[in-house]
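Taking it in order: structure first as structure tokens, then the write-up.
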Amino acid sequence: MKITFTLNGQTASGEAAPAQSAVRFLRDVMGQKSVKEGCGIGECGACTVIVDGKAVNSCLMPAAQLEGRVVETTEGLEKDGQPHPLQTAFVKHNAIQCGYCSPGFLMNAKALLDHNPAPERDEVEKALAGNICRCTGYQQIVDAVLDASEVMRKGE
Ligand code: FES
Ligand code: FES
């Protein structure tokens, strides 16, 4: 089945296998290798992408549901050769160790900041509650998101 959608601001299309999940379609067909499959059952957040402005677990979404939708992945965060403030802040705060969880956290954090540019710490923690990280202990990730929100508000 041919799926046509908007991927990181560009019209894109690809052939999805019957019953293929969005995470497998985005990785295997559309080359979005940032999108990670962890648990495959909606528990870890590694597969998080933004669909029509909302963070979703792409392991739970059939690829067919991407038809006509607007999809954002970590591949689309960089603009004009510059990392997104969230990416810069994750590096600055050592919020990335093995990195397997990082794209999911980044996309969930982006969806939060797109809707709430000045979140409180507890709002960040709540927004990221569905993402599991085995390495960092979470503190650095929350610090990074709060730092990025400040940088973005100042337009730095
Ligand atoms: S792989 Fe989708 S939530 Fe874990
Ligand atoms: S950095 Fe390793 S799982 Fe999060």
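Order of listing sets the numbers, starting from 1, for every ligand and every atom in it.
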* Asked: Which heavy atom of A12 sits nearest a heavy atom of L7, and at what distance?
  -> CB-CB, 3.9 Å

* Structure fact -> Output for pair (L86 CG, L113 CG), nearest 0.5 Å, gives 5.5 Å

* Are N8 and T73 close enough that a side-chain donor and a side-chain acceptor fall under 3.5 Å? -> yes

* Structure fact -> dist F90:CZ -> I96:CD1 (nearest 0.5 Å) comes out at 6.5 Å

* To do: Tell me the protein N, O or S atoms under 2.8 Å from atom 2 (Fe) of ligand 2, in chain and number order.
  => C98 SG, C135 SG

* Run through D143, T136, D147 and flag the one making a side chain to side chain donor-acceptor pair (under 3.5 Å) with H93. => D147

* Asked: Any salt bridge between R27 and E37, counting N to O under 4.0 Å?
  -> no

* With 2.8 Å as the limit, jot down which protein N, O or S atoms are around atom 2 (Fe) of ligand 1. => C47 SG, C59 SG

* Asked: What do the steps show when you test V70 against F5 for side chain to side chain contact (heavy atoms under 4.5 Å, CB included), and what is the final call?
  -> CA-CA 6 Å; V70 175; F5 63 113; over 6 Å; no

* Asked: Do the charged groups of K126 and D122 touch, with an N to O distance under 4.0 Å?
  -> no

* Structure fact -> Heavy-atom closest pair (A22 atom, L66 atom, distance to 0.1 Å) is CB-CD1, 3.9 Å

